[in-house]
K.L.:
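Below are the structure tokens for one structure; questions will follow.
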Amino acid sequence: MTTLVHGSDTLTRDALTVLQPGFVGTTAPDWLLRRIGEGLSSVGLFGRNIVTPEQLTALTAQLRAERDDVLVAIDEEGGDVTRLEVKQGSSFPGNYALGSVDDVELTRAVARELGRRLAQCGVDLNWAPSADVNSNAENPVIGVRSFGPDPDLVARHTVAYVDGLQGVGVAACTKHFPGHGDTNVDSHDALPRIDVDLATLHARELVPFRAAVAAGTKAVMSAHILLSALDPHRPATLSPQILTGLLRQELGFEGLIVTDGMEMQAVSATYGIERGSVLAIAAGADAICVGGGLCDEDTVLRLRDALVNAVRTGELPEERLADAAARVRALAAWTQAHRARGAGSVPGAAVQEGTAPGADIGLVAARRALRVTRGERPYTPVTGTPYVASFTPVANFAVGDETPWGIAAELERLLPGTETGSYDESSADSALADAGERRVVAVVRDLHRHPWMIRALDALLAARPDTVVVEMGLNEAEPRGALHIATHGAARVCGCAAAEAVVGTGA
């Protein structure tokens, strides 16, 4: 039995301190404010909590009226994964687009402008960037969220992204350690397993994380993946060998270790969220992320009590919980100091030499990321009112299905009267019938991963060879169509850049 050095009040506060829960609503519920007063040090925001920048600013002010040093975290990667603009689509292209341009100053400028917007709204911890090396093109959950398949490219852009965010006072949380790129299973649904040797892990997966640690990333998020060469029994989030042995001791990371969402099936289906959280803190994690699905007071109380009871029974050393809480408070102090200096509101902070300044940097980056391949015949730009046929795969949980994607809205702005339809595993016949005599623009996402989509597109092109094809996922399939446009992501600005190319005003 561990001897309790501190009273139960201190123990309870430490247990609350290491939680990063979510909630429902666009204002803070009473229960959340009450728990902040009792010691809860972090709150996670999701798309359901955000309507406008003004509303978000009021929400973070409401949280800090209860406690000025509360950490307000968000999962804002830009690109396909956005919470700030969940209903509109992001003003910033994601990692794959930035990696395809391979201009680290552009990446730094994008991250800086994104960070500036977060800071102005009172958000100071971003669960980004993804430093995963997307070495498996069949990966269903990383894909365009990665800068690419090359470890060195991913490393230099991860560092630029960390620099950009933290330069305006927003702590970066580099994820998903030790690397989620070589998986064909989504850890939201089940436990992915990576069976490669240690040499491969060090030469590939760990390269960007070593770089991020050396660059001073304030936080690292663990992955719910099983790496048999490091720990054949427990996923990384619950593994002392990986979090303490590898990340802390070998890589020398001293910042905050945050878990990926504890309600994800890769952990919760086997361990449950209470035992999973205890094991994660014992393994070396400092903060428990929960709230993407479970977002009520009962969840917070269950996790708090599980941690307190684990200390009292000796399963979790009190010193480990106290150390975790101290790391949370240290990061909160860093962000608080930046807020006091007003780092997030410096006019023109996003200006970087060689790139466009400020708010337009996302569109500039999206335009640079386009890869346009013309067919064998001369391309005739679309000038009438086209029909956009979107072939829609099932969205993964991280992206969600709330955020619009495609180019129809942007084409409508350029060509009023544009219409669109969404098609799944049906043939191209419906799309052709719906299009009638209008020029077809076919929009696909990760074409190479979906045989049904390939069949539908082939049939469409056979009937209408003047069709324009826009790929908004991984650009792995051979270009086809009268014009093939690879956007390297499905952010709103990627759709805008693609629409410009379709009508002949862009690339």
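Atoms considered below: every heavy atom in the structure, side chains included; atoms not considered: hydrogens, waters and symmetry mates.
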K.L.:
Trp127 vs Phe46 aromatic rings, parallel, tilted or perpendicular, using cut-offs 30° and 60°?
P.N.:
tilted

K.L.:
Does the Glu263 side chain pair with the main chain of Ile273, one donor and one acceptor, at a distance under 3.5 Å?
P.N.:
no

K.L.:
State whether the side chain of Asp231 and the backbone N or O of Arg234 hold a donor-acceptor pair below 3.5 Å, judged by distance alone.
P.N.:
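The answer is yes, because a donor-acceptor pair under 3.5 Å joins these two groups.
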
K.L.:
Counting distance only, does the side-chain N/O of Arg108 pair as donor-acceptor with the main-chain N or O of Tyr161 below 3.5 Å?
P.N.:
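Looks like no, no N/O pair under 3.5 Å.
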
K.L.:
Taking only residues two or more places apart in sequence or in another chain, which ones pass salt bridge (Lys or Arg N to Asp or Glu O under 4.0 Å) with Arg204?
P.N.:
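Only Asp182 meet the salt bridge (Lys or Arg N to Asp or Glu O under 4.0 Å) criterion with Arg204.
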
K.L.:
Does Arg371 use its side chain to pair, donor to acceptor, with the backbone of Ser100 at less than 3.5 Å?
P.N.:
yes

K.L.:
How long is the gap from CG on Leu153 to CG on Asp102, to the nearest 0.5 Å?
P.N.:
4.5 Å

K.L.:
Closest approach of Ala324 and Ala285, non-hydrogen atoms and distance?
P.N.:
CB-O, 4.0 Å

K.L.:
What residues form a salt bridge (Lys or Arg N to Asp or Glu O under 4.0 Å) with Arg210, not counting sequence neighbours?
P.N.:
Glu250

K.L.:
Tell me the closest heavy-atom pair linking Ser91 and Arg492, and the distance in Å.
P.N.:
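Scanning both residues completely, I find the closest heavy atoms to be OG-NH2, 2.6 Å.
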
K.L.:
Do Leu45 and Leu59 pass the side chain to side chain contact (heavy atoms under 4.5 Å, CB included) test, and can you show the C-alpha distance, the side-chain angles, and the key distance before you say yes or no?
P.N.:
CA-CA 10 Å; Leu45 300 182; Leu59 171 57; 4.0 Å; yes

K.L.:
Quick one: does any side-chain atom of Thr244 pair with a main-chain N or O of Ile242 as donor and acceptor, under 3.5 Å?
P.N.:
no

K.L.:
Test your reading of the model: is there a side-chain donor-acceptor pair from Ser146 to the backbone of Asp132, 3.5 Å cut-off?
P.N.:
yes

K.L.:
For Ser41 and Arg67, what are the C-alpha separation, side-chain angles and deciding distance, and is it a side chain to side chain donor-acceptor pair (under 3.5 Å)?
P.N.:
CA-CA 8 Å; Ser41 295; Arg67 179 174 175 176; 3.1 Å; yes

K.L.:
Does the plane of the ring in Trp334 sit parallel, tilted or perpendicular to the ring in His338? Use 30° and 60° as the thresholds.
P.N.:
tilted

K.L.:
Say whether, by atom type as modelled, one donor and one acceptor occur between the side chain of Glu274 and the main chain of Arg302 under 3.5 angstrom.
P.N.:
no

K.L.:
Could you go step by step and tell me if Thr82 and Glu77 meet the side chain to side chain donor-acceptor pair (under 3.5 Å) rule?
P.N.:
CA-CA 6 Å; Thr82 179; Glu77 300 176 15; over 6 Å; no

K.L.:
Could you check Asp69 against Arg339 for salt bridge (charged side-chain N to carboxylate O under 4.0 Å, His left out), going step by step and ending with a plain yes or no?
P.N.:
CA-CA 10 Å; Asp69 65 345; Arg339 286 200 309 278; over 6 Å; no

K.L.:
Return the minimal non-hydrogen interatomic distance between Asp286 and Arg320, and the atom names on each side.
P.N.:
OD1-NH2, 2.8 Å

K.L.:
Counting distance only, does the side-chain N/O of His448 pair as donor-acceptor with the main-chain N or O of Glu476 below 3.5 Å?
P.N.:
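Answer holds: no.
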
K.L.:
Sub-3.5 Å donor-acceptor pair from the side chain of Gln20 to the main-chain atoms of Gly44, do we have one?
P.N.:
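Pair absent, no side-chain N/O of Gln20 close to backbone of Gly44.
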
K.L.:
Quick one: does any side-chain atom of Ser268 pair with a main-chain N or O of Met264 as donor and acceptor, under 3.5 Å?
P.N.:
yes

